[in-house]
Amino acid sequence: NCTGLQGFMIFHSFGGGTGSGFGSLLLNRLSIDYGKKTKVEFAVYPSPQISTVVVEPYNSVLCTHAMLEHSDVAFLVDNEALYDICRR
């Protein structure tokens, strides 16, 4: 039992099926069950240059809608920018 819950931190991707689908479902359930608690989200946004899956844009659009609806604070990181940083 937790007596001092402050909020939730969620780390996921927007492009993949598990990251976008389960991440959206998780944010939805957290909003229903813990409506007043803060939900901070760290997400990796897919890049068209590095994309490996055809449906990444669709997953991203659907996940973005859930993020706007249920997240209090979101930190988005571009996948291509991360890739460039790691390559250097």
same_hphob_cluster(Ile32, Leu25) at 4.5 Å side-chain heavy-atom cutoff: no

Same apolar cluster (I L V M F W Y, side chains within < 4.5 Å links), Leu26/Met67: no

Remaining members of the apolar cluster that contains Leu62, side-chain heavy atoms under 4.5 Å: none

Qualifying salt bridge (Lys or Arg N to Asp or Glu O under 4.0 Å) pairs with a residue from residues 3-30, counting only residues at least two apart or across chains: Arg29-Asp33

Check: Asp72 side chain, Val40 main-chain N or O, donor-acceptor pair, under 3.5 Å: no

Non-neighbouring partners of Ser47 that pass side-chain hydrogen bond (donor to acceptor under 3.5 Å, both in side chains), sequence neighbours left out: Glu80

Where at least one partner belongs to residues 55-88, residue pairs that pass ring-ring contact (aromatic ring centres under 6.0 Å, His included), sequence neighbours excluded: Phe42-Phe75

Summary of salt bridge (Lys or Arg N to Asp or Glu O under 4.0 Å) pairs that have at least one residue in residues 46-58, sequence neighbours excluded: none

Closest heavy-atom pair and its distance - Thr64, Ser60: OG1-O, 2.6 Å

With Leu82 via side-chain contact (heavy atoms from CB on, under 4.5 Å) - residues at least two apart: Val44, Val77

With Leu5 via side-chain contact (heavy atoms from CB on, under 4.5 Å) - residues at least two apart: Cys2, Phe8, Tyr34, Lys37

Distance-only donor-acceptor pairs under 3.5 Å for side chains of residues 10-20, two or more places apart:
unit_1 : atom_1 : unit_2 : atom_2 : d
His12  : ND1    : Gly19  : O      : 3.0
His12  : NE2    : Glu41  : OE2    : 2.5
Ser20  : OG     : Gly16  : O      : 2.5

